[in-house]
Amino acid sequence: MASPSSRNYCVFMVFSIFIISSLMVISASDLNQDFQITWGDGRAKIVNNGELLTLSLDKASGSGFESKNEYLYGQIDMQLKLVAGNSAGTVTAYYLSSKGSTWDEIDFEFLGNLSGDPYILHTNVFSQGKGNREQQFYLWFDPTADFHTYSILWNPQHIIFSVDGTPIRKFKNLESAGVPYPKNQPMRIYSSLWNADDWATRGGLVKTDWTQAPFTASYRNFKANACVINAGKSSCSSNSPSSTSNSWLSQELDSAGEERLKWVQNNYMIYNYCSDAKRFPQAFPTECNMA
């Protein structure tokens, strides 16, 4: 028979485990705090106490959400699990964007494909309303089988797109050479799942198979180590107590990162605007000659 002290110890341990478990639930990322559903008439949902967000697309409509905060520079991570099966014609867009006719934008777009064919990851950077800086990639894994982390590092030096911590693209700040760079306009995070079968898959030759609907993309584990803009003021101002922890503001790729970037671009890049002589017969954009 257990002694009173043993019973008290067991009760203490059970109570401690309960408290720790409760704290773990409380500290889990709550997407309700960071995002709001903006369209889709019920097709977008935040479930599991804010741990999971899903977007859905059917023949009537797609769906989308946006961040509650605006950011001006940041390290932003989100885990996505893309539409499985025959996703041809669908586009899952996940991007940062400002407003207005001279907007800035940093894009991830995932172009669906027929079952068994790879997704295309489409990236672009807009500055002062000008884009046309597309780079496209295949991924080295199935992005529909599990969640993977898609990241944007945006600081005054460059924009780095990464997948599961592996950099796939770097867009440098070349304002000194006359290339506009996103630096003044706060941006929100947006995401949407929509039908783009007029262009998304093989230039529009493959249409969306609506018998496979609804199509669903899922999101979780959002993290933003970023400068939040509120009433025109940045949380990263010199007077902010957290300013000393913003090492990402000056973060560069180390030699290993540069090697991984080259590996992706040599093996998985399928389109680079800086190599498209038909598109730019006179001369490539300035940044292409300085990358």
Side-chain angles (χ1 to χ4, degrees), residues 52-55 57 74-96 105-125 133-154 158-172 189 191-194 196 199-203 205-206 212 215-225 248 251-276 288 291:
L52 183 70
L53 190 157
T54 61
L55 295 182
L57 164 69
Q75 168 71 51
I76 296 171
D77 306 320
M78 178 76 90
Q79 289 192 329
L80 279 74
K81 184 178 180 182
L82 300 179
V83 174
N86 182 1
S87 58
T90 70
V91 172
T92 305
Y94 174 69
Y95 59 103
L96 287 159
E105 187 171 317
I106 304 169
D107 290 345
F108 277 118
E109 288 187 310
F110 304 89
L111 313 185
N113 216 331
L114 294 169
S115 298
D117 290 342
Y119 260 81
I120 292 175
L121 171 51
H122 175 100
T123 67
N124 204 350
V125 176
R133 300 185 177 103
E134 301 91 346
Q135 289 183 355
Q136 295 182 337
F137 305 84
Y138 287 144
L139 295 167
W140 50 96
F141 54 84
D142 179 359
T144 73
D146 203 350
F147 285 88
H148 293 269
T149 303
Y150 301 90
S151 305
I152 293 170
L153 170 62
W154 169 35
H158 45 223
I159 296 163
I160 298 174
F161 298 77
S162 298
V163 178
D164 288 338
T166 296
I168 65 169
R169 178 177 185 177
K170 179 168 67 173
F171 182 80
K172 295 180 181 179
I189 300 166
S191 190
S192 58
L193 175 57
W194 52 291
W199 65 270
T201 305
R202 299 182 187 174
L205 294 177
V206 181
Q212 303 297 311
F215 304 98
T216 302
S218 302
Y219 304 72
R220 72 180 188 188
N221 290 343
F222 169 72
K223 180 181 178 182
N225 189 2
W248 55 266
Q251 183 177 331
E252 301 277 352
L253 285 180
D254 58 17
S255 58
E258 292 286 356
E259 285 301 315
R260 292 199 302 272
L261 176 64
K262 290 178 183 177
W263 174 76
V264 171
Q265 295 194 337
N266 288 337
N267 292 282
Y268 294 96
M269 180 185 284
I270 59 171
Y271 177 79
N272 183 2
Y273 74 109
C274 284
S275 302
D276 194 342
C288 296

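Worth saying up front: this structure is predicted, and the values here are computed from it rather than measured.
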**Q** Please find the pair of heavy atoms, one from D107 and one from E105, that lie closest to each other, and give the distance.
**A**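 Looking at all heavy atoms of both residues, the closest pair is OD1-OE2, 2.6 Å.
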
**Q** Under the rule for side-chain contact (heavy atoms from CB on, under 4.5 Å), what residues qualify as partners of S191, not counting sequence neighbours?
**A**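 With neighbours one apart ignored, the set is L55, F65, Y94, Y219.
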
**Q** Looking at A88, is its backbone amide N or carbonyl O close enough to the side chain of N113 to form a donor-acceptor pair, meaning the two atoms are under 3.5 Å apart?
**A**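 No.
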
**Q** To the closest 0.5 Å, what do you measure between OG1 (T216) and CG (L82)?
**A**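 Nearest 0.5 Å value for the OG1-CG distance: 12.0 Å.
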
**Q** According to salt bridge (Lys or Arg N to Asp or Glu O under 4.0 Å), who are the partners of E109, at least two apart in sequence or on a separate chain?
**A**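 Salt bridge (Lys or Arg N to Asp or Glu O under 4.0 Å) list for E109, sorted by chain: empty.
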
**Q** Report the residues that fulfil side-chain hydrogen bond (donor to acceptor under 3.5 Å, both in side chains) with Q265, sequence neighbours left out, ordered by chain and then residue number.
**A**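 So Q265 forms no side-chain hydrogen bond (donor to acceptor under 3.5 Å, both in side chains) with any residue.
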
**Q** Please round to the nearest 0.5 Å and tell me the distance separating atom NE2 of H122 and atom CD of Q136.
**A**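 With rounding to 0.5 Å, NE2 (H122) is 5.5 Å from CD (Q136).
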
**Q** Could you report the tightest heavy-atom contact between F141 and P143, atom names first, then the distance?
**A**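 It is O-CD, 3.2 Å.
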
**Q** My understanding is that only residues two or more places apart in sequence, or in another chain, count here; which of them pass side-chain contact (heavy atoms from CB on, under 4.5 Å) with T90?
**A**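 Partners of T90 by the side-chain contact (heavy atoms from CB on, under 4.5 Å) criterion, ordered by chain and then number, come out as L57, S87, L193, F215.
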
**Q** Say whether, by atom type as modelled, one donor and one acceptor occur between the side chain of Y119 and the main chain of V83 under 3.5 angstrom.
**A**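 A pair under 3.5 Å: yes.
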
**Q** Could you work out, with side-chain hydrogen bond (donor to acceptor under 3.5 Å, both in side chains) as the rule, every residue matching S162, not counting sequence neighbours?
**A**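 For S162, no residue satisfies side-chain hydrogen bond (donor to acceptor under 3.5 Å, both in side chains) once neighbours in sequence are set aside.
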
**Q** Which heavy atom of P167 sits nearest to which heavy atom of V264, and what is that distance?
**A**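 That closest heavy-atom pairing would be O-CG2, 3.8 Å.
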
**Q** Between N124 and Y95, is there a side-chain donor-acceptor contact under 3.5 Å, judged purely by atom types and distance?
**A**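 No donor-acceptor contact under 3.5 Å links the two side chains.
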
**Q** Is any side-chain heavy atom of Y138 closer than 4.5 Å to one of I120?
**A**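 When only atoms from C-beta onward are counted, Y138 and I120 do touch, with a gap below 4.5 Å.
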
**Q** What residues form a side-chain contact (heavy atoms from CB on, under 4.5 Å) with S275, not counting sequence neighbours?
**A**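 Scan of S275 (side-chain contact (heavy atoms from CB on, under 4.5 Å), adjacent residues dropped) gives N272.
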
**Q** Find out whether L53 and F222 are in side-chain contact, i.e. whether some heavy atom of one side chain is under 4.5 Å from a heavy atom of the other.
**A**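 Sidechains of F222 and L53: no contact.
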
**Q** Check Y273 against C288 and note the closest heavy-atom contact, atom names and distance.
**A**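 Closest approach of Y273 to C288: CE1-SG, 3.6 Å.
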
**Q** Rounded at 0.5 Å granularity, tell me how far CG in D146 sits from CG in L80.
**A**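 If I round to the nearest 0.5 Å, the distance is 12.0 Å.
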
**Q** Looking at every heavy atom in both T201 and G112, which two are closest together, and how far apart are they?
**A**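 Between these two residues, the closest heavy atoms are OG1-O, 2.9 Å.
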
**Q** Do R220's NZ or CZ and the ring of F147 fall within the cation-pi criteria of under 6.0 Å and 45°?
**A**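 Flagged: R220 positioned over aromatic ring of F147.
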
**Q** Excluding sequence neighbours, so at least two apart, what forms side-chain contact (heavy atoms from CB on, under 4.5 Å) with T123?
**A**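 T123: side-chain contact (heavy atoms from CB on, under 4.5 Å) contacts with F108, L121, Q135, F137, F161, I168, R169.
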
**Q** Nearest 0.5 angstrom please: I106 CD1 to I159 CD1, how far?
**A**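 Between atom CD1 of I106 and atom CD1 of I159 there are 3.5 Å.
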
**Q** Of all residues at least two apart in sequence or in a different chain, which pass the side-chain hydrogen bond (donor to acceptor under 3.5 Å, both in side chains) check with T149?
**A**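 Counting only residues at least two positions away or on another chain, T149 forms a side-chain hydrogen bond (donor to acceptor under 3.5 Å, both in side chains) with Q79.
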
**Q** Show me the donor-acceptor pairs within less than 3.5 Å that the side chains of residues 252-261 make with the rest of the protein, sequence neighbours left out.
**A**
from: D254; atom 1: OD1; to: A256; atom 2: N; distance (Å): 3.2
from: D254; atom 1: OD1; to: G257; atom 2: N; distance (Å): 2.7
from: E258; atom 1: OE2; to: K170; atom 2: NZ; distance (Å): 2.7

**Q** Output all residues satisfying ring pair (Phe, Tyr, Trp, His ring centres under 6.0 Å) with W263, sequence neighbours left out; order by chain, then residue number.
**A**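 If we apply the ring pair (Phe, Tyr, Trp, His ring centres under 6.0 Å) test to W263, skipping adjacent residues, the hits are W140, Y268.
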
**Q** Test side-chain contact (heavy atoms from CB on, under 4.5 Å) on W199 and L111 and set out the steps.
**A** CA-CA 10 Å; W199 65 270; L111 313 185; 3.8 Å; yes

**Q** Going by distance alone, is a donor N or O of one side chain under 3.5 Å from an acceptor N or O of the other, for T144 and D142?
**A**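 T144 vs D142: donor-acceptor pair found between side chains.
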
**Q** Side chains of W154 and I76: does their closest heavy-atom pair fall under 4.5 Å?
**A**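 No, too far: nothing below the 4.5 Å cut-off.
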
**Q** Applying salt bridge (Lys or Arg N to Asp or Glu O under 4.0 Å), can you list everything that pairs with D117, at least two apart in sequence or on another chain?
**A**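 So D117 forms a salt bridge (Lys or Arg N to Asp or Glu O under 4.0 Å) with R202.
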
**Q** Holding to side-chain hydrogen bond (donor to acceptor under 3.5 Å, both in side chains), I want the full list of residues that pass it with D77, two or more places apart in sequence or in another chain.
**A**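 Checked D77 against side-chain hydrogen bond (donor to acceptor under 3.5 Å, both in side chains); matches are Q75, S151.
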
**Q** Taking all non-hydrogen atoms of both residues, which atom of A93 and which atom of W194 are closest, and how far apart?
**A**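 Taking A93 first and W194 second, the nearest heavy atoms are CB-NE1, 4.0 Å.
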
